[in-house]
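So you know, we letter chains A, B, ... as the sequences are listed, proteins then strands, and number each from 1.
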2 protein chains.
Amino acid sequence: MYLTWRRARHRFGEVIRLPISSRIEDYMEEIFALEISGREATVTDLANALGVAKATVVAAVRRLSEASMVSHERYGAFRLTEKGRERALRIHRRHEHLTFLFEDILGFDKKRAQAMACVLEHEMDEEAEVRIMGFTDYLARAQKEGREWVKDLLSVMGDERKLPRPLAMIPEGEKGVVTRVTAEEPLRGRLFSLGLSPGAAILRLAAPPGDELVNLEADGNEITLKMTEAASVWICTGPDRGPYKRGGMEDVPYNHSA
Amino acid sequence: MYLTWRRARHRFGEVIRLPISSRIEDYMEEIFALEISGREATVTDLANALGVAKATVVAAVRRLSEASMVSHERYGAFRLTEKGRERALRIHRRHEHLTFLFEDILGFDKKRAQAMACVLEHEMDEEAEVRIMGFTDYLARAQKEGREWVKDLLSVMGDERKLPRPLAMIPEGEKGVVTRVTAEEPLRGRLFSLGLSPGAAILRLAAPPGDELVNLEADGNEITLKMTEAASVWICTGPDRGPYKRGGMEDVPYNHSA
DNA sequence: GGAAAAAGTAAGATGTATCTAACTTGGAGG
DNA sequence: CCTCCAAGTTAGATACATCTTACTTTTTCC
Ligand SMILES: [Mn+2]
Ligand SMILES: [Mn+2]
Ligand SMILES: [Mn+2]
Ligand SMILES: [Mn+2]
């Protein structure tokens, strides 16, 4: 059991590097959420909140305790240290405000909003948080004031829409419309000046021999691109793709709530 | 070595559940990106792209191969199967378009945009993707057309801003302003009608005995809340918090690029 | 005050993702 | 044709997050 080994090293005063993974941050976040609502954070609470076995919580909290994020005496409740509370506050705040953005403003369903918030919260620094917060507040305010553009913005989100494929995947002879060019800047400008910008109608032509090039007609002009270039041009084809299929999210690794 | 065991079971025809984790999806995404730019996906390519050892790629691809997502004969290049290519397309498309949104539209720096896109891409279903796409396109278009509201929206994102704390963390005697109420609906309405809505000025008063309640003054009226309720009211205090500190993102578990 | 229930902890195991070090294979050049 | 090197693979190990089962401590309540 590796925890035994870890604890042994710990006891002998060895300094152990203790990275706090995003999953472990979820435990901190939950302890924080319990603390600020006036409840004590117990093993059972965390196990229920995070959907794991109690033994798993014990292991997680031991890590947090060794990292001086949580203080814990045997059979007692957990308390965040000052350092741990600071960090947990950041995570919790990001979670709450991202959820607010995704669910209350942008209209994602609750489960999706939670899932998205719960991964994004670990990938933001303070600057990103400040930016998202400004964005969210601006939208919220515009919505409350009944601005037309917010209504439009939110209503187009609900529209059905075909999803594009990279130009390289379009078969010869097929027509389509450019919906996005995701290339970095020097190339992006070049593609735009060739007529490959959102809205342009294209027709893929027979490929020249060699497998490295793509021929196509863009708004009437015949052009040739390298495959690497074509990879960043996204094309919607066919008017006949029915309503979008629901689904996806297969095999999400964790089933957590925090 | 667990791979030996897994392969053994596989050979004997046992059906093994093969969940594809978000990390494994990153490998698929990278194979896809190589394929559409006309290159072959090799062990070395993937190892470089994902920042892992070659042996790690071999293990990952074995999983993909057993899940029928990738075909691979020894010492040859990888090719996505039809099923694998469908899935990889979805991931790659989400990655590209989220990056476009975060970096090109919303102005996050490249690294942050990549990190955020690379976790979010695994938490979206097709509906979420369609919604984000509509949102992104609308913003892109409004920006190209020079709409004032987009300029304002993007400029407030760059503003400095104090970050709030839950009401429960505000010390007695401190004043502040409500910036958000993240409660669910029945409670949210009640809090709003008590005067606790964004913009309200509050002053925390001495707590009543018992540790379960919070006293405060909101726009002049004295009110009492349960701690659980107070947890969802976010308060900004003090005019004296300097420019926000940069930082965060400590201990991110993976260092991937895909 | 003691028995039963609930809460917490420990041990041992599994599955995933990763590494390094050694080994094998295929192909390019002489 | 052979050699050698780059590319690919295997073996064996570590770290983390998780589980189940069994044990210990605390709490509850008659
Ligand atoms: Mn999370
Ligand atoms: Mn969370
Ligand atoms: Mn990813
Ligand atoms: Mn990605």
Please report the distance, rounded to the nearest Å, between [atom1] in [X] and [atom2] in [N].
| X | N | atom1 | atom2 | result |
| --- | --- | --- | --- | --- |
| B/His122 | C/dT16 | NE2 | C1' | 15 Å |
| B/Arg23 | D/dC16 | CZ | P | 17 Å |
| A/Glu66 | D/dA15 | CD | C1' | 13 Å |
| B/Met28 | C/dA17 | CE | P | 13 Å |
| A/Glu25 | D/dA17 | CD | C1' | 15 Å |
| B/Asp26 | C/dA17 | CG | P | 11 Å |
| A/Glu40 | C/dG8 | CD | C1' | 14 Å |

Atom CD of B/Glu185: over 12 foreign heavy atoms under 6.0 Å:
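For B/Glu185, atom CD is crowded (more than 12 foreign heavy atoms under 6.0 Å).
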Can you tell me if the side-chain N/O atoms of [X] get under 4.0 Å from OP1 or OP2 in [N]?
| X | N | result |
| --- | --- | --- |
| A/Thr56 | D/dC19 | yes |
| B/Tyr27 | C/dT18 | yes |
| B/Arg63 | C/dT16 | yes |

Side-chain donor/acceptor of B/Thr81 to backbone N/O of B/Met69, under 3.5 Å:
yes
At a cut-off of 3.5 Å, list every protein nitrogen or oxygen paired with a nitrogen or oxygen from nucleotides 5-9 of chain D, distance to 0.1 Å.
| unit_1 | atom_1 | unit_2 | atom_2 | d |
| --- | --- | --- | --- | --- |
| D/dG8 | OP2 | B/Thr44 | N | 3.0 |
| D/dG8 | OP2 | B/Thr44 | OG1 | 2.4 |
| D/dT9 | OP1 | B/His72 | NE2 | 3.4 |
| D/dT9 | OP1 | B/Tyr75 | N | 3.0 |
| D/dT9 | O3' | B/Arg74 | NH1 | 2.9 |

In chain order, what residues pass the salt bridge (charged side-chain N to carboxylate O under 4.0 Å, His left out) check against A/Glu82, with sequence neighbours excluded?
A/Arg85
Do B/Arg112 and A/Asp125 sit within salt-bridge range, that is, some charged N less than 4.0 Å from a carboxylate O?
yes
So if I take every side-chain heavy atom of B/Val52 and compare against C/dT18, D/dA17, D/dC19, which nucleotide ends up nearest?
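Taking heavy atoms from C-beta onward, the closest nucleotide is C/dT18.
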Take B/Arg94 and B/Glu129, measure what salt bridge (Lys or Arg N to Asp or Glu O under 4.0 Å) needs, and give me the verdict at the end.
CA-CA 7 Å; B/Arg94 286 162 201 176; B/Glu129 189 182 356; 2.9 Å; yes
Can you give me the closest heavy-atom contact between A/Ala207 and A/Glu172, atom names plus distance?
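For A/Ala207 versus A/Glu172, the nearest heavy atoms are N-OE2, 3.1 Å.
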Any donor-acceptor N or O pair under 3.5 Å, side chains A/Ser21, A/Arg23
no
